[in-house]
Amino acid sequence: MDKHYDAKAAEAKWYKFWEENGCFHQDPDGREPYSVVIPPPNVTGILHMGHALNQTIQDILVRWRRMQGRNTLWLPGTDHAGIATQNVVEKALKKEGKRRQDLGREKFLERVWEWKRQYGGTIVHQQRMLGNSTDWRRERFTFDEGCSRAVAKVFTQLYDEGLVYKGNYIVNWCPRCGTAPANDELEHEPNHGHFWYVRYPVVGRATGVKGEPYKDYVMVATTRPETLPGDTAVAVNPKDDRYAHLVGKTVILPLTGREIPVISDDYVDREFGTGIVKITPAHDPNDFLVGKRHGLAEINIMTDDAHMNELAGEKYCGMDRWECRKAIVEDLDAGGFLDHIEDIDNQVGHCYRCHETVESRLSKQWFVKMKPLAEPAIAAVKSGEVKFVPERWSKIYFNWMENIQDWCISRQLWWGHRIPAYYLKSDAEQVFVAETAEEALAKAKKATGNAALTIADLDQDPDVLDTWFSSWLWPFSTLGWPEKTKDLEYYYPTTDLVTAQDIIFFWVARMMMAGIHFMKKPPFRNIVIHGIVRAADGSKMSKSKGNSLDPLELIDQYSADALRFSIALITSLECDTKVNKEKFEIGRNFTTKIWNAARFLLMQEAEVEKLNVEKLKSPDAAAQPFNLSTFQPFNLSNEILEAYRIQDGALAVYDFFWTQICDGYVEYVKDSPNKAASVAILRDVFWKALRLLHPYMPFVTEEVAHQLGFLKEGETIMLQEFPKGYTDAEKAAWGVTEGNYEFVNAKREAITAIRALRAEYKVPPATFVKVTVATDDAKAAAEADSLKKAMRAESVDFVAAGSDLAMPSKITKFGTVYLSLEGLVDKAAEAKRIAGELAKLAGFIKSSEAKLANENFVAHAPEAVVAEARRKLAENKEKVAQLEKLAKLFARGIYKERKMK
RNA sequence: GGGCUAUUAGCUCAGUUGGUUAGAGCGCUUCCUUGACAUGGAAGAGGUCAGUGGUCCGAAUCCACUAUAGCCCACCA
């Protein structure tokens, strides 16, 4: 075995082996399935820390379940990411001086597919670096043939059920991209804007005179004066006494002379602005709703590229919106309508893609009615059929689901699933929705009674569907739906879904709805929500801030195992994870530790090579400092992972391997009286530990398992059984009993106690000391030699238990160990230290006594707790007695060793 | 405005249904290069568990309020 572990070589070698040998792939059989679908990353994406966290958690669960013997599927794939991908290709086109319109739809789409073939594999190759055990043979793409078929079927079915409709709606509109970004795709940015206070003269109470302020008017504050020509009312709060008399009156819309009503609506905030709002239903989402409630007209005064149209008035028609704002403000001022201007800081929505200020625009869009879909999805979580882990996320889920809005699913893009709606060229009002053009044609023929219609007589809707419209089908479209495949039957519903909190709404909730609606069963049983990876200062990682860590760089520097293990160890499902580079050293160091422990085992085995196996079962084999029955990690790992406590699991195996095996047992093996037996046990424990560690650190465990000969060529640790605790039979075979364990453990405790005493009294390591042990254990005396060595003692004497020696001591299960300090310490300093120690102990004793004096404590607390409290009290009292004696001796300066017996 | 969460060691965080003198990693102090490992080993310092009040024999844990921080949704015309 090489002195140093070559992670890069091992990781490349083993991943290739696993993938080529189909270790990630299983087919439906009679076993219990365990299935997970990966949250598909954008095909344009590159691997970031969020993926690393998300996928590490999944891979740990998947590898663990696979080793448990479950038929395991982890299905990978990518998302076609409509706007992001289109954007990438458009940017490339721009370099050639072209726009997508220059190519035309068909040619452009060819370009995108070409881009996908060339670069779309980036992230899936990067995922392999992490060691993901995803079944690449089943890799899917949201825009592949099968997923596209599912999308068309779903759209058609929902349409037939009346759950998809086309409606007038106010949507966000990016005038530059010509798209309708969803609310969640907007970036709200602080804006230093203005409040223009505009007077709307009240009809019948005054007339305006040019150049003079109006006397009777209502004053409206607006940040968007350019939308004024679209106003169809002004509104006040119904509870606002100041303006109650105005409701029902009519005011004149400045610059237009149009008369518009004063209405009252709860939407208006009395405290904000003047308490009077202009209502522009075609250009503001809230105004749109107000307009609907009051039956107001919707006057669209803008074109798609944010220029004013003829309805804005002759003067403004053709102006850009900002130009128009300027012109209108000037005209309002000139006309005496502008009262004053105020600075105001507000938030303005920007297109996340091109950063253009987003406009609210009235348009025809396709929608999904969400309420009927949401109801069963709420019920499935309420009933416990589907569980959130941690449970509290269900509250957020309910909150959103219960206030759900219809989902605008049409997008004015080219890259995506085209809406399967076809219009008659001769009459665009007639729409036929069908999975294919042929079926639509058939429907059209039937509806019109015109058998001569051809496909050329139909226009397909130019828009495509929101990316989420394919993602929400992911758990079943990837398994073959709408075909009734074996995979679908066997692996659906999937077991766990692992994702971050930020897509509970967009993705998780919608998958719930689609799964229940189309499959009649929720798509997964458990929704595991983890936090977001943040930079060390708690801010979001972003490239622009330069505070992001690149997982590929970390893999390069520390290894994939190191990255995975560190992530598992520092990540709590409960909250976000703050990371910095140093944290990944934990995993790197652990990898090294495992490697070195393996080398130690091989060296020890070389030493005992000639000893035969039979010796293991000799009584000596019993004297091992391990109680195999209380080998916690073996028993606990399954329980911990059942509860998705990844961090606890990582900590448990880490502590077990490092503290128990390396710091404890390995040190013992070095001086073991029966090395052959100890090494054999170490080998057995090591093999179990490797399997325990494998889900966290797949590569180093595989490599070490082969180096140590646990596996033959062609075998893999991936498919070995996940270890359980030692059985009684195994323990009997090792000759391990509780009593032996207790004794050896006590001995170790004694050694630790002497080390501590030496440190307390600052005894240099080179100085050999005299040790006395007060014990009645007959076996103890036989250990004098090994104790001497471990304690760096000149001599180890044994006296009867209870013997009272005025020397520094520690109480252990082995007995009381005394350290002779003759001529070794500064007496004055020591007296002071002892005084401090006594004060501390007095506090403990006082609280312990109070506790034990409390009848209720004795009556109610668990027996073990009470017993332990008693034991501690007695022990502390004993300690105090000893310290007091010692203190006296120090104080008198006559400390001197007195041997009893 | 609506919803959710957090506050424990210098830092990042554990602490499962209330129950031993509240733990880990990093950092810090002292010591150690005797062949598994200095990416290491041994020992140690460091916390009135944000505050106040309550329930209980017993509270970091449950309840109420306060303070501070953060997240999500909606959003100021």
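Worth saying up front: this structure is predicted, and the values here are computed from it rather than measured. Here is how names work: the chains are called A, B, and so on, in the same order as the sequence lines, proteins then strands, and each is numbered from 1. Note: hydrogens, waters and symmetry copies are ignored here, and every other heavy atom, side chains too, is used.
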Has the side chain of [X] got a donor or acceptor that lies under 3.5 Å from a partner of the other kind on the base of [N]?
X: A:K593; N: B:rC37; result: yes
X: A:R392; N: B:rU5; result: no
X: A:N596; N: B:rU39; result: no

Regarding [X], tell me which of base, sugar-phosphate or nothing describes its non-hydrogen contacts under 4.0 Å with the strands shown.
X: A:D655; answer: nothing
X: A:W196; answer: nothing
X: A:Q647; answer: sugar-phosphate
X: A:G275; answer: base

>> Can you identify which nucleotide, out of B:rC72, B:rG41, B:rG19, has its nearest atom closest to the A:P862 side chain?
In response: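 Ranking B:rC72, B:rG41, B:rG19 by closest atom to the A:P862 side chain puts B:rG19 first.
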> Between B:rU20, B:rC57, B:rC37, which nucleotide gets closest to the side-chain atoms of A:K851?
Replying inline: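 Looking only at heavy atoms from C-beta outward on A:K851, the closest nucleotide is B:rU20.
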What distance, rounded to whole Å, do you find between the two [atom1] atoms, one in [N] and one in [M]?
N: B:rU8; M: B:rG47; atom1: P; result: 15 Å
N: B:rG10; M: B:rG51; atom1: C1'; result: 22 Å
N: B:rA60; M: B:rA50; atom1: C1'; result: 12 Å

Phosphate contact ([N] OP1 or OP2) by [X] side-chain N/O below 4.0 Å:
X: A:W400; N: B:rA74; answer: no
X: A:K670; N: B:rG41; answer: no
X: A:N876; N: B:rU21; answer: no

[X] [atom1] - [N] [atom2] separation (whole Å):
X: A:E863; N: B:rU20; atom1: CD; atom2: P; answer: 16 Å
X: A:D663; N: B:rA42; atom1: CG; atom2: C1'; answer: 10 Å
X: A:Y197; N: B:rA77; atom1: OH; atom2: P; answer: 11 Å
X: A:F590; N: B:rG40; atom1: CZ; atom2: P; answer: 12 Å
X: A:Y558; N: B:rU39; atom1: OH; atom2: P; answer: 12 Å
X: A:D561; N: B:rU39; atom1: CG; atom2: P; answer: 19 Å
X: A:I586; N: B:rA24; atom1: CD1; atom2: C1'; answer: 9 Å
X: A:L554; N: B:rU39; atom1: CG; atom2: P; answer: 19 Å

>> Can you confirm whether the side chains of A:T659 and A:D655 place a donor and an acceptor under 3.5 Å from each other?
In response: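 Yes, a side-chain donor-acceptor pair sits under 3.5 Å.
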>> Looking only at the side chains, is there a donor atom on one of A:T280 and A:K278 sitting less than 3.5 Å from an acceptor on the other?
In response: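 Note: A:T280 and A:K278 side chains meet the donor-acceptor criterion.
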>> Checking the side chain of A:N526 only, and the main-chain atoms of A:V528 only, is there a donor and an acceptor separated by less than 3.5 Å?
In response: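 No: the side chain of A:N526 does not pair with the backbone of A:V528.
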> Does A:R645 or A:L841 map to a spot on RNA chain B nearer the 5' end, using the closest nucleotide for each?
Replying inline: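 On the 5' side of the pair lies A:R645.
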>> Can you work out whether A:K583 or A:R755 has the more 5'-proximal nearest nucleotide on RNA chain B?
In response: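 In this pair, the answer is A:K583.
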> When rounded to the nearest 0.5 angstrom, what is the spacing between OG1 in A:T591 and CG in A:N596?
Replying inline: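 So the gap between those two atoms works out to 11.0 Å.
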> Would you call the rings of A:F505 and A:W400 parallel, tilted or perpendicular, where under 30° means parallel and over 60° means perpendicular?
Replying inline: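 The arrangement is parallel - the two ring planes meet at less than 30°.
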> How are the rings of A:H340 and A:Y197 set relative to one another: parallel (under 30°), tilted (30 to 60°) or perpendicular (over 60°)?
Replying inline: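 Aromatic pair A:H340/A:Y197 classed parallel.
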> With both distances under 3.5 Å as the test, what is the Watson-Crick or G-U wobble partner of B:rA67?
Replying inline: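 Per the H-bond distance test, B:rU7.
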